[in-house]
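Read the structure below first, then the notes.
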Amino acid sequence: MNQHHILYPMIILVLFTGLVGIAMLVARYRAVREGSLRISYFKYNRGGKQPEYLLKINQHFDNLLETPLLFYLSLILILQQNRTDVAYIAMAWAYIASRFLHAWIHMGTNNILHRKNAFILSYVLIFTIWIRLFLQLLMDSQ
């Protein structure tokens, strides 16, 4: 198995984060153009109330810069340790799918129960990756 295959899910998540960032920028321009916010609001993110469409995108963009960092780091370590295998690749793609589902819910209907389930699934996947990596490294040290 090519060790670099573990990077593909990471690259997809980076590109997706970029797309959400572009959507956030477009939504910010829209809010200013429609008069929902003054451009001065963005100096300190104060002095107005964001419209819901902008708030959802802003929150999701922030979310994509939080827990996914653990995902990026785990994949880099897997690559560095030459541990890429079918299980890691499957878990990485499942993580990506759970993040896409979470984004679709968060920036769409924002149903909190559905969003929570997608988020928990992503958490279980990322920590399963970390636990498996930890156990492999532990076994190697014995």
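A quick note: this is a predicted structure, and the numbers were derived from the prediction, not measured. Scope of the values below: all heavy atoms of this structure, side chains included, with no hydrogens, waters or symmetry mates.
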> Does R38 have any salt bridge (charged side-chain N to carboxylate O under 4.0 Å, His left out) partners at least two apart in sequence or in another chain, and if so, which?
Replying inline: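 If we apply the salt bridge (charged side-chain N to carboxylate O under 4.0 Å, His left out) test to R38, skipping adjacent residues, there are no hits.
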
Could you pull out all donor-acceptor pairs under 3.5 Å where a side-chain atom in residues 14-26 meets a protein atom, sequence neighbours excluded?
unit_1, atom_1, unit_2, atom_2, d
T17, OG1, L13, O, 2.8

Within one Ile-Leu-Val-Met-Phe-Trp-Tyr cluster: [X] and [Y], side-chain cutoff 4.5 Å:
{"X": "I131", "Y": "L75", "result": "no"}
{"X": "L69", "Y": "L65", "result": "yes"}
{"X": "I6", "Y": "I11", "result": "yes"}
{"X": "I96", "Y": "V124", "result": "no"}
{"X": "L73", "Y": "I12", "result": "yes"}

To the nearest 0.5 Å, what is the distance between [atom1] ([X]) and [atom2] ([Y])?
{"X": "I126", "Y": "L121", "atom1": "CD1", "atom2": "CG", "answer": "11.5 Å"}
{"X": "M91", "Y": "L125", "atom1": "CE", "atom2": "CG", "answer": "8.0 Å"}
{"X": "M107", "Y": "H60", "atom1": "CE", "atom2": "NE2", "answer": "5.0 Å"}
{"X": "D62", "Y": "I57", "atom1": "CG", "atom2": "CD1", "answer": "12.0 Å"}
{"X": "L138", "Y": "L133", "atom1": "CG", "atom2": "CG", "answer": "11.0 Å"}
{"X": "S74", "Y": "F134", "atom1": "OG", "atom2": "CZ", "answer": "15.0 Å"}

>> Can you list, by chain and residue number, the hydrophobic cluster partners of F42 when the side-chain cut-off is 4.5 Å?
In response: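 Besides F42, the hydrophobic cluster comprises V32, L37, I39, Y41, Y53, L54, listed by chain and residue number.
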
> Which ILVMFWY residues can you reach from M139 by hopping between side chains whose heavy atoms are under 4.5 Å apart?
Replying inline: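 Listed partners: none, M139 stands alone.
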
>> Show every side chain to side chain donor-acceptor pair (under 3.5 Å) that has at least one partner inside residues 123-132, sequence neighbours left out.
In response: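 Residue pairs with at least one partner in residues 123-132: D85-R132.
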
> Tell me the side chain to side chain donor-acceptor pair (under 3.5 Å) pairs involving residues 88-102, sequence neighbours left out?
Replying inline: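 Pairs touching residues 88-102 that pass the test: N63-R99, Y88-Q136.
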
Is there a side-chain contact between [X] and [Y] (heavy atoms, below 4.5 Å)?
{"X": "N2", "Y": "T84", "value": "no"}
{"X": "L137", "Y": "L77", "value": "no"}
{"X": "I76", "Y": "M10", "value": "yes"}

> Between P9 and F71, what is the shortest heavy-atom contact and its length?
Replying inline: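 For P9 versus F71, the nearest heavy atoms are CB-CZ, 4.0 Å.
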
>> Tell me if the CD atom of E52 is crowded by more than 12 foreign heavy atoms within 6.0 Å.
In response: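 Counting neighbours around CD of E52, 12 or fewer heavy atoms of other residues, nucleotides or ligands fall under 6.0 Å, so no.
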
> So with a 6.0 Å cut-off around OH of Y29, is the heavy-atom count from everything else above 12?
Replying inline: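 No, the 6.0 Å shell around OH holds no more than 12 heavy atoms from other groups.
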
>> Which residue in the set L101, I120, I105 passes side chain to side chain contact (heavy atoms under 4.5 Å, CB included) when paired with R115?
In response: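 The side chain to side chain contact (heavy atoms under 4.5 Å, CB included) with R115 is passed solely by I105 among L101, I120, I105.
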
